[in-house]
Amino acid sequence: MESARPEVDAALPAPAVDSPGAALGRAYALNWIAGVPALCFLVLVLMPPLNHDVAAVLDFAMRWLDGGRLYGDLIDINPPLIFILSLLPAAIAKYTPLEPHQALLLCLLAHAALLWRLSVALRQDRAEGPVEAALLAAAIPLLMVLPGSDFGQRETLMAISAIPYALLAARRIEGPPVPPRLAITAAVAAALAFALKPHFLAVPMLVEGFVLWRRGLGRALADPVPAVMGAVWGAYALSIPLLFPAYLREIVPIALEFYGEIHGAGPLSVLVTELMGAALPLLLLAAAIGLRGGSGSAAQALSLAAIGAFLSAWVQHKGWTYHVLPVTILSLAALAAAAARQADRWLPPRRARAAAPVLAVIGAFVIGAYAVRGGETPWRQIWFAQEQAGRLTEWLRREVRGGSILVLSPEILPVYPSVIYAKSRPTLRTMSTWLLQGAYRTCPAGQSPYRQPAEMGTVEASVFRTVAEDFARRPPRAVLVSRFAHMRGCPDRFDLLEYFSRDPLFARTFQLFRPVGEMDGYRLYVRRG
């Protein structure tokens, strides 16, 4: 019986083997298929709506470029870097035929393309198996556009910048040496992204600590990357008191007093919110798999970056979509790198080369499906015209026709991006009435929910006075007022129009306006004549 086995085996047909040309064509086709999720998310990024916070920052940058004083005429708690960077799309929109949102998308996509090219360059000459090479080639461009409706948020800018930074860390640990120009470019791009918010510094602290631990103090001291990043942060830190003294003198105290308590679940409750609760298991899985020794330095650096992103989201204790998204993006990147490295270790080399394109397709579609699951993308893009922001955009286009507009609303969305798309020019010094929300955390005693001018604190009195003065000095084309003031201390009692109309200057100016109608709780008034 034993001697018959070879004869039986010999009688069986030999397994079919693709010709080299057929195998190459199959791999080429699968590589294109692996890019489909990235292409789909790119299309969604190009579709409206522009993210509301991104649109608001762009509006401030355009007003700054037109002569407004940042932190004087334009009050916001964001440090100046995001406004400085937004001057570029603002200038493109001002001096070219491009619309502001088109100019901004052009700049954001160019930035994402730069980060992708940096990632490609940093992966060259790196010891990658066929599965790791194929999966990272498909996953990295997808992760660059994965934010979808949050594309351009400061958190997402940080997250996608952390990907080439983590690959740079892996090269600094494993080799081969990084060309100086490439290392400096990647370091500057990462340093600028991490400087957008102080919370983001948790990411480079963890990653640089990892590099120091793996390389040793002597080699780390000779590494130019930390010095370059430190120089960028130092120059930026020095520029704030020199160029923007009002930010430290006035804005930071206001932010500490008012902003933190307006929104948010709190430092403990945020951990069990829907978004953070979904991201935490993914982070734990990425840390458990990515930090293992056999996962490779890239997966380890990405895992630590994901932990840093979690710490950044946690200290803000709000749990908003864009706060949590960097945890998801960097965890998915770490899992992709670790799983691909493990597949290359488990599979024989020939089998790994054959399976790499298929595994890249599976990995890319899994990442895309995970991002869509429970997120705002693609639903916000698909239903934009029917949703509040889309309807408000059309209303403002029809009634305001690109004129100036005073918006009294506690909400940035749907006011932004509607005013950007409608080419309306907001005149309020803040992006919303958040300063009043901070002032009315408790409701005054008595029947009236409003404080008298003599009872107001410094910040509330300034808002009450400057809104009336600005309104009277240059009456806008229209006034848009929300019925919902969202004053925690005075729910359902606080009317923003009634509040400001107590100022005689505001009341006299408002007589120039006639009501147009109401939509979704927003009342619109247009100047007569």
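Numbers here are sequence positions counted from 1.
- The side-chain heavy atoms of Glu155 and Phe200, taken from C-beta on, include a pair separated by under 4.5 Å.
- At least one side-chain heavy atom of Leu280 sits under 4.5 Å from a side-chain heavy atom of Phe310.
- Taking the six-membered ring for Trp and the full ring otherwise, the centers of Phe464 and Tyr499 sit less than 6.0 Å from each other.
- The aromatic ring centroids of Phe471 and Phe500 lie 6.0 Å or more from each other.
- The neighbour count for Arg528 CZ, taken as heavy atoms of other residues, nucleotides or ligands under 6.0 Å away, is above 12.
- Side chain of Thr393 to main chain of Ala389: a donor-acceptor pair is present (N/O by atom type, distance under 3.5 Å, no hydrogens or angles).
- Ring pair Tyr71/Tyr247 is tilted by interplanar angle, where 30° to 60° counts as tilted.
- For Arg117, the CZ atom sits in a loose shell: 12 or fewer heavy atoms of surrounding residues, nucleotides or ligands are nearer than 6.0 Å.
- For the residue pair Ala186 and Leu168, the shortest heavy atom distance occurs at CB-CD2, 3.9 Å.
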Walk me through whether His199 and His323 qualify under side chain to side chain contact (heavy atoms under 4.5 Å, CB included).
CA-CA 11 Å; His199 321 88; His323 287 167; over 6 Å; no
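- Counting heavy atoms of neighbouring residues, nucleotides and ligands inside a 6.0 Å radius, atom CZ of Arg502 exceeds 12 of them.
- Among all heavy-atom pairs drawn from Ile420 and Pro100, the shortest one is CG2-CB, 4.4 Å.
- Between the CG atom in Leu413 and the CZ atom in Arg380 there is a gap of 5.5 Å [rounded to 0.5 Å].
- Summarising the local packing, CH2 of Trp395 is surrounded by more than 12 heavy atoms from other residues, nucleotides or ligands at distances under 6.0 Å.
- Interatomic distance, Leu115 CG to His111 NE2, rounded to the nearest 0.5 Å: 4.0 Å.
- Here the shortest heavy-atom pairing between Leu302 and Ala162 reads CD2-O, 4.5 Å.
- Using bins of under 30°, 30° to 60° and over 60° for the plane-to-plane angle, the ring pair Tyr322/Trp320 lands in the tilted bin.
- With hydrogens and angles ignored, the 3.5 Å screen pairs a side-chain donor or acceptor of Arg527 with a backbone N or O of Pro475.
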For Arg488 and Gln437, what are the C-alpha separation, side-chain angles and deciding distance, and is it a side chain to side chain contact (heavy atoms under 4.5 Å, CB included)?
CA-CA 7 Å; Arg488 182 180 297 180; Gln437 290 176 274; over 6 Å; no
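- Put simply, the side chain of Arg451 never gets that close to the backbone of Tyr440: no donor and acceptor are under 3.5 Å apart.
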Pair Met62-Arg425, side chain to side chain contact (heavy atoms under 4.5 Å, CB included): steps then yes or no:
CA-CA 10 Å; Met62 292 190 295; Arg425 302 186 301 276; over 6 Å; no
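- Checked options Val57, Leu81, Val54, Leu65; the residue passing with Ser86 is Val57 (criterion: side-chain contact (heavy atoms from CB on, under 4.5 Å)).
- The shortest heavy-atom contact between Ala309 and Leu330 is CB-CD1, 4.1 Å.
- Surrounding CH2 of Trp314 are at most 12 heavy atoms belonging to other residues, nucleotides or ligands under 6.0 Å away.
- What you find for Ala439 and Glu460 is that their closest heavy atoms are CB-CB, 4.2 Å.
- Contact check on Asp66 versus Arg63 returns no salt bridge, with no Lys/Arg side-chain nitrogen under 4.0 Å from an Asp/Glu carboxylate oxygen.
- The shortest distance between side-chain heavy atoms of Ile367 and Leu143 falls below 4.5 Å.
- Contact detail for Pro253 and Leu248: the closest heavy-atom pair is CD-O, 3.5 Å.
- Side-chain contact between Arg397 and Tyr421 is present, with heavy atoms from C-beta onward closer than 4.5 Å.
- With contacts defined as side-chain heavy-atom distances shorter than 4.5 Å, the pair His101/Pro417 does not qualify.
- Of the residues Glu411, Arg391, Arg483, the one that meets the side chain to side chain donor-acceptor pair (under 3.5 Å) test with Tyr522 is Glu411.
- Looking at heavy atoms from C-beta onward, Pro410 lies in side-chain contact with Leu496 at the 4.5 angstrom threshold.
- Between the CD1 atom of Ile307 and the OG atom of Ser312 there is a distance of 13.5 Å, given to the nearest 0.5 Å.
- Two residues are said to be in side-chain contact when any heavy atoms from C-beta on lie closer than 4.5 Å; Phe151 and Thr156 fail this criterion.
- A side-chain contact (heavy atoms from CB on, under 4.5 Å) with Trp233 is found for one member of Leu192, Leu201, Val228 and no other, namely Leu201.
- Around the NZ atom of Lys423, the shell of radius 6.0 Å holds no more than 12 heavy atoms that belong to other residues, nucleotides or ligands.
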Derivation and outcome, side chain to side chain donor-acceptor pair (under 3.5 Å), residues Asp76 and Asn78:
CA-CA 6 Å; Asp76 192 68; Asn78 279 299; 2.7 Å; yes
Begin from the C-alpha positions of Thr328 and Tyr370 and carry the test side chain to side chain contact (heavy atoms under 4.5 Å, CB included) through to its verdict.
CA-CA 9 Å; Thr328 301; Tyr370 185 89; 3.7 Å; yes
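- Atom CD of Glu274 has 12 or fewer neighbouring heavy atoms from other residues, nucleotides or ligands inside a 6.0 Å radius.
- Atom-to-atom distance recorded for Leu58:CG and Leu87:CG is 10.0 Å, nearest 0.5 angstrom.
- Separating the CZ atom in Arg477 from the CG atom in Leu396 is a distance of 12.0 Å, to the nearest 0.5 Å.
- Summarising the geometry, atom OG1 belonging to Thr377 is positioned 7.0 Å from atom CG belonging to Asp150; distances are rounded to the nearest 0.5 Å.
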Check step by step if side chain to side chain donor-acceptor pair (under 3.5 Å) holds for Tyr450 and Glu498.
CA-CA 9 Å; Tyr450 316 122; Glu498 185 178 74; 2.6 Å; yes
